[in-house]
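A short worksheet on the structure shown next.
Treat the numbers as computed from the prediction; the structure is a model and nothing was measured.
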Amino acid sequence: LTQIGLFWLDAGTYTLGSGEENDIRLPATAATEIGVMQVSGEGVHMRVSEGVEVLNAGEPVTDILIADDTTPEPVQLEHGSIAWTVIKRDNRFGVRVRDFEHPFVATFGPLPYFPVDESWRVQGTLKRYDAPRIADVGTVIEGLGYHPESPGVVEFEVGGQTYELEAYTSGERLFFVFGDATSRDDTYGAGRFLYAETPGEDGQTILDFNMSYSPPCAFNDFSTCPVASPRNRLPIRIEAGEKYDKALHYSAEASL
């Protein structure tokens, strides 16, 4: 909810600050020019402007390589209530900006849900592929892909009909990005997220659709969420889990 900006970077130099002339424009609470970023194949290096305080883990910095979110120790830099990190997706770098005093946080909610319904807690069976596959899934960012490992599909029954969702490996759990007929009206159009326990040798797991929820991109324009692939769009209404309320979405147009 604190995200207020996402800026994709090509190789080159970028200025960061609240002034209109900056390449990466921040809210008026920030210094006019905080510093300069240099982007190369090695990552994003930043030099802080003289007299401007920027903190890394509470310590002032003046010159730093901003380790991205795919590294063991990613860096988050802070300037007042404003913070920024570097993300890496498909070998592309971006700067994600947050404001920890963002007024959207104070006014957010409540989240809407379907009534809890135990009938949407269904038995599933993992049908494993001969070998795990790398899935090719789209995201809300045009041209940016999501490539998780998939062990197979989970089959389940609803109303006597059999359906399946491709599962993605997520640590010790299975992760699903799915859409259904409610995506056209009651739930987020790009799909919802759901986790389930990875089954043992019997392949059995539980899909509790009451626990399905909207991805971060349902609430702002600055996330890189995967979307439900065509094979993971169900032709039925899954009236369980989190609904979508457009009033709870913070747009890029309102960010500055």
Side-chain angles (χ1 to χ4, degrees), residues 1-105 134 136-149 170-171 215-217 219-226 250-256:
L1 300 182
T2 60
Q3 293 179 15
I4 61 169
L6 177 60
F7 303 86
W8 293 104
L9 308 176
D10 296 318
T13 301
Y14 298 81
T15 56
L16 175 78
S18 61
E20 293 183 4
E21 70 281 359
N22 285 285
D23 301 302
I24 299 174
R25 179 96 181 277
L26 301 181
T29 55
T32 302
E33 185 175 308
I34 294 175
V36 177
M37 293 180 174
Q38 183 68 42
V39 183
S40 67
E42 296 180 354
V44 180
H45 185 274
M46 182 168 187
R47 298 191 311 278
V48 179
S49 299
E50 186 175 353
V52 176
E53 184 178 67
V54 171
L55 304 179
N56 174 31
E59 296 296 326
V61 295
T62 58
D63 197 289
I64 187 172
L65 178 66
I66 310 175
D68 68 72
D69 65 343
T70 67
T71 63
E73 297 183 4
V75 166
Q76 176 173 279
L77 298 180
E78 299 181 12
H79 170 72
S81 69
I82 308 298
W84 58 96
T85 54
V86 172
I87 66 172
K88 188 177 183 181
R89 303 288 186 273
D90 275 357
N91 292 317
R92 296 171 62 189
F93 290 111
V95 172
R96 178 173 284 152
V97 180
R98 299 178 183 272
D99 184 353
F100 295 118
E101 296 180 0
H102 187 13
F104 182 60
V105 177
I134 300 300
D136 186 11
V137 182
T139 72
V140 294
I141 305 296
E142 185 176 356
L144 183 67
Y146 171 59
H147 308 289
E149 181 182 276
S170 180
C217 50
F219 306 109
N220 63 64
D221 293 338
F222 318 115
S223 301
T224 58
C225 309
Y250 184 72
S251 69
E253 289 75 17
S255 64
L256 293 175

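- A search for side chain to side chain contact (heavy atoms under 4.5 Å, CB included) contacts involving P216 returns F193, S223, C225, not counting sequence neighbours.
- With sequence neighbours excluded, no residue forms a side-chain hydrogen bond (donor to acceptor under 3.5 Å, both in side chains) with E101.
- F219 is linked by a ring-ring contact (aromatic ring centres under 6.0 Å, His included) to F108, counting only residues two or more places apart in sequence or in another chain.
- Sorted by first and then second residue, the side-chain hydrogen bond (donor to acceptor under 3.5 Å, both in side chains) pairs with a member in residues 44-60 read H45-D63; sequence neighbours excluded.
- Among residues two or more places apart in sequence or in another chain, the side-chain hydrogen bond (donor to acceptor under 3.5 Å, both in side chains) test is passed with T29 by none.
- Counting only heavy atoms from C-beta outward, the side chains of H147 and D136 approach each other to under 4.5 Å.
- The line from CG of L9 to CD1 of I87 is 9.0 Å long, rounded to the nearest 0.5 Å.
- Residue E21 qualifies as enclosed at atom CD: its count of foreign heavy atoms under 6.0 Å is above 12.
- Across every non-hydrogen atom of A83 and F100, the tightest pair is CB-CE1, 3.5 Å.
- When all heavy atoms are compared, the tightest approach of T71 to D68 is OG1-O, 2.6 Å.
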Practice problem: For the pair M46 and L16, evaluate side chain to side chain contact (heavy atoms under 4.5 Å, CB included) and give the outcome as yes or no after the intermediate values. | Solution: CA-CA 10 Å; M46 182 168 187; L16 175 78; 3.5 Å; yes
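- Applying the side chain to side chain contact (heavy atoms under 4.5 Å, CB included) test to V97 and every residue at least two apart in sequence or in another chain returns I4, F7, L26, I82, W84, V95.
- Put simply, CG on L1 and CG on D99 are 12.5 Å apart, with the number rounded to the nearest 0.5 Å.
- Here side-chain hydrogen bond (donor to acceptor under 3.5 Å, both in side chains) pairs that include residues 8-17, with residues two or more places apart or in two chains, are T13-Q38, T15-N22, T15-D23.
- Remark: T139 pairs with I141, L144, Y146 by the side chain to side chain contact (heavy atoms under 4.5 Å, CB included) rule, at least two apart or across chains.
- In this structure S170 satisfies the side chain to side chain contact (heavy atoms under 4.5 Å, CB included) test together with F175, Y195, sequence neighbours excluded.
- Screening residues 86-98 for side-chain hydrogen bond (donor to acceptor under 3.5 Å, both in side chains), with sequence neighbours left out, gives T2-R98, D69-R89, R89-T224.
- For Q76, the side-chain hydrogen bond (donor to acceptor under 3.5 Å, both in side chains) criterion is met by E78, not counting sequence neighbours.
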Exercise. I would like to know whether M37 and I24 meet side chain to side chain contact (heavy atoms under 4.5 Å, CB included); could you show each step before the answer?
Key: CA-CA 10 Å; M37 293 180 174; I24 299 174; 4.1 Å; yes
